[in-house]
Amino acid sequence: MKFKQHLLIVLAASVSVFGTYSCQQAGKNSTGSEFIPDMAHSTAYEANVLTKYSLNSWDEESVLSRRDLSQPQLPVAGTIPRGFAGSASYNGVYASAEDAVASTMNRMKHSGGIAYTPNGHVPYTYPDTEAGRTLATQQIRYNPFPISADGIARGKELYNIYCGICHGEKADGGGYLVRDNGGKYPAQPANLLDSQFVYSPNGRYFHAIMFGRNAMGGYADKLSFEERWQVIHYIRSLQATAKKVKYSEAANELNAEFGLPMAKVPAPPAADEPAPAENSTGETGHTTTGEQH
Ligand code: HEC
């Protein structure tokens, strides 16, 4: 009996001590105590949160204090933000076709193989206005992808799905939506074989794909960055066919500005050559991202 009584006293005492301890209230200078705190606090690192907790040890291997480590940090050098290409800026302004292609290929090579995000979104800063269209036409001149048989084949497939229905398989403006509906389609799609389009710089096409024009909607959400450029290559190849000149992997007799044939792409730098400094041209994303052109 005595033993049982003692046990009860010990139990009651520990329950009350434990109870008082676990209910200790938070005060001005204390966070209070919690019952089984592991359930409220993570022992793991939590971004931008400084939690005082004795079992947190994730900062042990750092020379920085836990407080410093808990502050928002700058991204590590060379970080490519989601949705940005290669060196994080695409402004369409290159000095030459060779430069455009070399720069695109370099980005692919030196960014861990991923130059463009899977959906191919690359910032486009020209506004959806007639002034924006004019500016894009003036400034975006060189196709950053070389003319390749594979690219033209992919461009053809995409063109026939997304553009040919209106602009026609030959790009003459006679797609089946216009042709087969007794002229019910409300607007005449541009005849891309017309001289004004054949001699228009690539920017006019890129801008039209981004935003459309009047009765034509935009295709920015249907075609990735690279796909848009391959569609433009394919349109150029249709124009070349109409003009009876070459536009292929081997030669471009239409206009040197429109595309660089694969055969003329400068040899890539030797494998052991160091990567060019990304910001040697001042093209890092943090400085040019928001620029308007
Ligand atoms: C639903 C029909 C339709 C589809 C599909 C379509 N277009 Fe158009 N497109 C038009 C019409 C209509 C115009 C004429 C707009 C105007 O000038 O009013 C036009 C105009 C254009 C122009 C000329 C813009 C300018 O600067 O004058 C280009 C370039 C063009 N389209 C390219 C494309 C490409 C590339 C695709 C496929 C990604 C495409 N279009 C898909 C109907 C279409």
Side-chain angles (χ1 to χ4, degrees), residues 90 92-93 97 100 116 118-148 150-243 247-248 252 254-255 257-259 293:
Y90 167 70
V93 186
Y116 305 107
N119 72 0
H121 175 75
V122 178
Y124 187 72
T125 51
Y126 297 88
D128 182 12
T129 58
E130 281 309 304
R133 181 184 317 279
T134 307
L135 208 58
T137 304
Q138 285 165 357
Q139 296 187 335
I140 304 177
R141 307 192 78 95
Y142 303 103
N143 193 320
F145 296 89
I147 312 171
S148 67
D150 166 67
I152 291 206
R154 279 188 293 139
K156 176 179 182 176
E157 191 183 358
L158 294 164
Y159 175 88
N160 285 333
I161 294 170
Y162 292 114
C163 323
I165 50 169
C166 288
H167 289 279
E169 279 182 18
K170 295 189 184 123
D172 57 2
Y176 77 80
L177 279 188
V178 189
R179 196 181 58 217
D180 300 348
N181 284 301
K184 282 194 203 124
Y185 187 71
Q188 173 57 47
N191 173 359
L192 302 176
L193 301 182
D194 199 270
S195 294
Q196 66 151 321
F197 290 108
V198 176
Y199 300 116
S200 274
N202 286 337
R204 185 165 186 184
Y205 293 81
F206 199 88
H207 195 86
I209 295 175
M210 292 305 290
F211 297 123
R213 187 177 198 188
N214 299 326
M216 172 186 159
Y219 286 81
D221 58 339
K222 309 285 190 302
L223 300 170
S224 74
F225 178 74
E226 190 198 342
E227 287 169 344
R228 290 169 211 149
W229 282 113
Q230 299 298 4
V231 165
I232 296 173
H233 270 322
Y234 180 64
I235 295 172
R236 293 305 192 191
S237 79
L238 291 174
Q239 294 173 337
T241 305
K243 297 261 171 230
Y247 191 88
S248 68
N252 167 5
L254 191 62
N255 182 328
E257 207 178 271
F258 297 163
H293 299 279

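Here the structure is a predicted model, which means the values were calculated and not measured. Indexing begins at 1, ligand by ligand and atom by atom, following the structure's order.
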For Phe206, the option from Phe211, Tyr142, Trp229, Phe258 that meets ring-ring contact (aromatic ring centres under 6.0 Å, His included):
Trp229

Inter-residue atom distance Lys222.NZ - Arg228.CZ, 0.5 Å rounding
11.5 Å

The atoms of ligand 1 lying under 4.0 Å from a heavy atom of Arg133, numbered in the order shown, are 26 (O)

Protein N, O or S within less than 2.8 Å of atom 8 (Fe) of ligand 1, waters excluded
His167 NE2, Met216 SD

Return the minimal non-hydrogen interatomic distance between His207 and Ala136, and the atom names on each side.
ND1-CB, 3.7 Å

Going by the angle between their ring planes, with limits at 30° and 60°, are Tyr126 and Tyr124 parallel, tilted or perpendicular?
tilted

Show which atoms of ligand 1 fall inside a sub-4.0 Å distance from at least one heavy-atom site of Ala187.
12 (C)

Checking Arg204 now: which residues fulfil salt bridge (Lys or Arg N to Asp or Glu O under 4.0 Å) with it, not counting sequence neighbours?
none

Among protein heavy atoms, which lies nearest atom 5 (C) of ligand 1, and at what distance?
Tyr219 OH, 2.8 Å

Could you say whether the N/O atoms of Asn214 and ligand 1 ever approach to under 3.5 Å?
yes

Only heavy atoms of Tyr185, strictly under 4.0 Å: list the atoms of ligand 1 that pass.
1 (C), 2 (C)

May I ask you to list the atoms of ligand 1 that are less than 4.0 angstrom from any heavy atom of Gln188?
12 (C), 14 (C)

Taking atom 23 (C) of ligand 1 as the reference point, the nearest protein heavy atom with its distance:
Phe197 CE2, 3.4 Å

Decide whether Asn202 and Arg236 meet the rule of one side-chain donor and one side-chain acceptor closer than 3.5 Å.
yes

Could you list the atoms of ligand 1 found under 4.0 angstrom from a heavy atom of Tyr205?
29 (C)

Taking 4.0 Å as the limit for heavy-atom contacts, which would you say applies to Ile209 with ligand 1: side chain only, backbone only, both, or neither?
side chain

Taking only non-hydrogen atoms of Arg204 and a 4.0 Å limit, the atoms of ligand 1 in range are 25 (C), 26 (O), 27 (O)

Could you tell me which atoms of ligand 1, counted from 1 in the order shown, lie closer than 4.0 angstrom to a heavy atom of Ile235?
35 (C)

